[in-house]
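Down below is the structure, laid out as structure tokens.
These numbers were taken from a predicted model, which means no experiment stands behind them. In what follows, every chain begins at residue 1, and chains take the letters A, B, ... in the order their sequences are listed.
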Amino acid sequence: MAASETNDAARRIFTAIRAIPKGEVAGYGEVARRAGLPGRARMVARLLSTASEPNLPWHRVLRSDGRIAFPDGSEGFREQSARLRAEGVRVDAGKVVGARKPRTLDESLWGPPE
DNA sequence: GTTCTGACTGCGA
DNA sequence: GTCGCAGCCAGAA
């Protein structure tokens with residue numbers, strides 16, 4: 001069933017996001033790439049906005065710049081920044097500081113450097 | 001069926 | 001540092 005490919009991809013994305021350790025953050029592209037969808041960052045974003053996963057740490061997913069994808073002052077913005085702070089992540093002007101950078105996350109989360 | 005939009009990314013100027 | 005352009009996929013109008 002080719003149709004399950006999309007579902008499988010979504011499942012991988014959710015798994016990837018859930019695999020993000022507390023206090024760390026990942027980028028949309030990073031998650032998408034690890035899910036087997038390089039360049040499909042938009043799909044991850046759309047998934048989060050549509051999917052209703054209560055156990056999904058979506059607040060740990062940021063843009064490639066390490067910034068929150070929501071517009072400054074938006075509800076989602078406050079929600080995400082508040083959740084990150086609750087996990088020990090410092091958020092300054094919508095930018096995450098002190099947490100693992102999306103690039104380093106690659107080795108810290110999925111593939112430990114040998 | 002086509003067209004637009006979107007919690008995006010990367011590169012060049 | 002900011003701005004613009006092109007590429008990508010899925011859902012909604």
Please list, pair by pair, any protein nitrogen or oxygen found under 3.5 Å from a nitrogen or oxygen in nucleotides 3-7 of chain B.
residue : atom : partner : partner atom : Å
B:dG6   : N7   : A:Arg42 : NH2          : 3.4
B:dG6   : O6   : A:Arg42 : NH1          : 3.1
B:dA7   : N6   : A:Leu48 : O            : 3.4
B:dA7   : N3   : A:Tyr28 : OH           : 2.6

Could you give all pairs that pass the salt bridge (charged side-chain N to carboxylate O under 4.0 Å, His left out) test and reach residues 70-83 of chain A, with sequence neighbours left out?
A:Glu75-A:Arg78, A:Glu79-A:Arg83

Can you tell me which residue pairs pass the salt bridge (charged side-chain N to carboxylate O under 4.0 Å, His left out) test with a partner in residues 39-50 of chain A, sequence neighbours excluded?
none

Distance test, side-chain N/O of A:Ser64 to OP1/OP2 of B:dT9, below 4.0 Å:
yes

Across all chains, not counting sequence neighbours, the salt bridge (Lys or Arg N to Asp or Glu O under 4.0 Å) partners of A:Arg11 are A:Asp8

Of A:Arg40 and A:Arg67, the one whose closest nucleotide on DNA chain C sits nearer the 5' end is A:Arg67

Residues at least two apart in sequence or cross-chain that pass salt bridge (Lys or Arg N to Asp or Glu O under 4.0 Å) with A:Arg85, listed by chain then number, are none

Tell me every residue that passes side chain to side chain contact (heavy atoms under 4.5 Å, CB included) with A:Ala51, counting only those two or more places apart in sequence or in another chain.
A:Phe14, A:Glu53

Test of understanding: with side-chain hydrogen bond (donor to acceptor under 3.5 Å, both in side chains), list the residues that count as partners of A:Arg67, not counting sequence neighbours.
none

With heavy atoms of chain A within less than 4.0 Å as the criterion, where does contact along DNA chain C begin and end?
C:dG7 to C:dG11

Which residues satisfy the side chain to side chain contact (heavy atoms under 4.5 Å, CB included) test with A:Ala69, sequence neighbours excluded?
A:Tyr28, A:Arg63

Using atom CG of A:Leu47 as one end and atom P of B:dC8 as the other, report the distance to the nearest whole Å.
14 Å

